[in-house]
Amino acid sequence: MAPPKKKSRPLKPGLVVFTDLDGTLLDFHSYSYEAAQAGLRELKRLNVPLVLVSSKTRYEIVHLRKLLGLDTPFICENGSAIFWPKAGVPEKPRGAKEKDGFWVREFGVPYTEVRKQLVTYREATKVHCEGFGDWNLETISAMSGVPHGMVALAKKREYSEPFIFRPTPSEAALQNHLKNLSKNGFAIIEGGRFYHLIGEDADKGKAVAELIKWYNAVEPVKPRTLAFGDAPSDWPMMNVCDIAVAVKRPDGKYHPFLREHKGIRLAGAPGPEGFNRMVLRLLKQLI
């Protein structure tokens with residue numbers, strides 16, 4: 001494949017920002033990014049790409065990108081796939097294929113296989129685990145807090161299944177179920193509200209690392225990378241970036257898993273407020 005063409009508008013500041021959504025750029029309860037508006041405006045003014053990395057479906061992220069006015073690549077369903085908008089990326093990225101106006105590099109497995117793994121395990125063990133594929137839109141909205149206008153997009157899953165156990169088993173039984181569900185090419189990600197069953201090769205860190213390689217190839221100057229997150233599921237993404245920032249959880253505390261890592265910067269506030277505070281501070285320091 002021929003080397004990728006240089007983009008007409010280089011990243012003048014030499015930065016790329018990667019961010020988790022739920023509980024980070026978006027408020028955990030309201031899903032609002034209002035508290036991050038100043039930081040978002042400054043990123044846009046300085047032409048710093050903002051890459052969304054989330055457990056959300058590509059349909060949810062496409063909708064949010066339109067609201068935010070983004071034209072950057074994004075990563076959906078906990079690292080299951082990278083999507084590049086073809087309109088701004090004329091050369092096909094390495095390992096990608098064309099799909100619905102995007103180039104897509106897939107790391108996850110099809111949703112039908114994920115559902116089969118969950119249902120087969122449930123039927124074999126009689127354990128009561130259920131997920132988005134079992135629920136109607138009203139139930140998903142009630143369980144997740146996703147606004148009614150967005151819940152249909154949350155149900156259009158391509159690579160992963162959010163699920164829960166009801167009732168919650170003992171800790172020993174829970175760990176045994178998670179271990180067994182993770183067999184045969186699958187993995188479990190623990191999110192803020194649900195467990196997520198995904199293909200074992202799906203990983204936020206792997207997907208972000210691929211995007212960093214792509215940015216290094218298409219930009220005249222190798223950009224520095226920043227990552228924002230609030231949970232252990234964000235650590236693989238944060239670990240491959242130059243600067244990692246943890247925002248506080250809804251209870252006003254940092255997740256202990258993230259706080260114990262030396263070198264992580266602490267935002268000083270929860271969710272989009274913390275994102276906003278640290279984006280503005282780091283832009284002043286780095287540019």
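These numbers were taken from a predicted model, which means no experiment stands behind them.
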For this session: Would you indicate whether the side-chain heavy atoms of V16 and L226 approach each other to under 4.5 Å?
Result: no
Exercise. Is the closest side-chain donor-acceptor distance between K179 and N176 under 3.5 Å?
Worked result: no
For this session: Could you please spell out the steps behind the side chain to side chain donor-acceptor pair (under 3.5 Å) verdict for T225 and D242?
Result: CA-CA 5 Å; T225 53; D242 297 316; 3.3 Å; yes
Exercise. When clusters are formed by joining ILVMFWY residues with side-chain heavy atoms under 4.5 Å apart, either directly or through shared neighbours, do I189 and I75 land in the same one?
Worked result: no
Exercise. Parallel, tilted or perpendicular for F132 and W135, by the 30°/60° rule?
Worked result: tilted
Seminar exercise, completed: Closest non-hydrogen atoms of Y33 and L67, given as atom of the first, atom of the second and distance, are OH-CB, 3.6 Å
Exercise. According to the interplanar angle, ranging from 0 to 90°, do the rings of Y121 and H177 count as parallel (below 30°), tilted (30 to 60°) or perpendicular (above 60°)?
Worked result: perpendicular
Exercise. Are the charged groups of K116 and E161 less than 4.0 angstrom apart, N to O?
Worked result: no
Exercise. Is there a path from F194 to F186 through hydrophobic residues (I, L, V, M, F, W, Y) whose side chains come within less than 4.5 Å of each other?
Worked result: no
For this session: Might you point out which heavy atoms bring K222 and N216 nearest each other, and give the distance in Å?
Result: CG-OD1, 3.2 Å
Exercise. When hydrophobic residues are tied together by side-chain contacts of less than 4.5 Å, even through go-betweens, does V146 share a cluster with F28?
Worked result: no
For this session: Please tell me if the side chains of L15 and L286 come closer than 4.5 Å, counting only heavy atoms from C-beta onward.
Result: yes
Exercise. Salt bridge or not for R122 and E130, using N-O below 4.0 Å?
Worked result: no
Problem set entry | For R265, side-chain contact (heavy atoms from CB on, under 4.5 Å) partners two or more places apart | I243, V245, M278, L282, Q285
Exercise. Can you find a pair of side-chain heavy atoms, one from F257 and one from E260, that are under 4.5 Å apart?
Worked result: yes
For this session: For W235 and L258, run side chain to side chain contact (heavy atoms under 4.5 Å, CB included): C-alpha distance rounded to whole Å, both residues' side-chain angles, the deciding distance at 0.1 Å, then the answer.
Result: CA-CA 7 Å; W235 172 244; L258 294 182; 4.1 Å; yes
For this session: Any chance you could measure I264, atom CD1, to H255, atom NE2, to the nearest 0.5 Å?
Result: 11.5 Å
For this session: Please report the closest heavy-atom contact between E273 and A35, naming both atoms and the distance.
Result: N-CB, 3.9 Å
Problem set entry | Hydrophobic cluster membership, V104 vs L70, 4.5 Å side-chain cutoff | yes
Problem set entry | Donor-acceptor contact present, side-chain S55 to main-chain E77, <3.5 Å | no
For this session: Could you tell me whether D230 and K248 make a salt bridge, using a distance below 4.0 angstrom between a side-chain N and a carboxylate O?
Result: no
For this session: Report the distance from atom CG of D203 to atom CD1 of I198, rounding to the nearest 0.5 Å.
Result: 7.5 Å
Problem set entry | Spatial distance of atom CD1 (I164) from atom OG1 (T168) [nearest 0.5 Å] | 7.5 Å
Problem set entry | Criterion salt bridge (charged side-chain N to carboxylate O under 4.0 Å, His left out) on R58 and E158, from CA distance to verdict | CA-CA 8 Å; R58 69 153 159 148; E158 296 175 284; 2.9 Å; yes
Exercise. Does the distance from a Lys or Arg side-chain N to an Asp or Glu carboxylate O, for E210 and R105, drop under 4.0 Å?
Worked result: yes
Exercise. Is any side-chain heavy atom of F107 closer than 4.5 Å to a side-chain heavy atom of I82?
Worked result: yes
For this session: Kindly give the heavy-atom pair with the smallest separation between P90 and W103, and that separation in Å.
Result: O-CZ2, 3.9 Å
Exercise. Are L153 and F83 joined in one hydrophobic group, where the rule is that I, L, V, M, F, W and Y side chains link up if heavy atoms are under 4.5 Å apart?
Worked result: yes
Seminar exercise, completed: On a heavy-atom basis, the closest approach of D22 and D20 is O-OD2, 3.0 Å
Seminar exercise, completed: So CG of L21 and CG of L26: to nearest 0.5 Å the spacing works out to 5.0 Å
For this session: Quick one: closest heavy-atom pair of S160 and R157, and the distance?
Result: O-NE, 2.9 Å
Exercise. Looking at CD1 of I287 and CZ of R224, how far apart are the two atoms once the value is rounded to the nearest 0.5 Å?
Worked result: 11.0 Å
Exercise. Can you tell me how far NE2 of H63 sits from CG of L68, rounded to the nearest 0.5 angstrom?
Worked result: 9.5 Å
For this session: Considering only NZ, NE, NH1 and NH2 on the basic side and carboxylate oxygens on the acidic side, decide whether D71 and R65 come within less than 4.0 Å.
Result: no
Exercise. Hey, are the side chains of V62 and F102 touching, using non-hydrogen atoms and a 4.5 Å cut-off?
Worked result: yes
Problem set entry | Pairwise side-chain contact, C76 with Y59, heavy-atom cut-off 4.5 Å (strictly under) | no
Problem set entry | R115 side chain near D134 side chain, heavy-atom distance below 4.5 Å | yes
Exercise. Can you find a heavy atom in the side chain of Y31 that is under 4.5 Å from one in the side chain of P147?
Worked result: yes
Exercise. Would E171 and Q175 count as a side chain to side chain donor-acceptor pair (under 3.5 Å) if you check the C-alpha gap in whole Å, the side-chain angles of each, and the deciding distance to 0.1 Å?
Worked result: CA-CA 6 Å; E171 184 61 26; Q175 294 306 317; 2.8 Å; yes
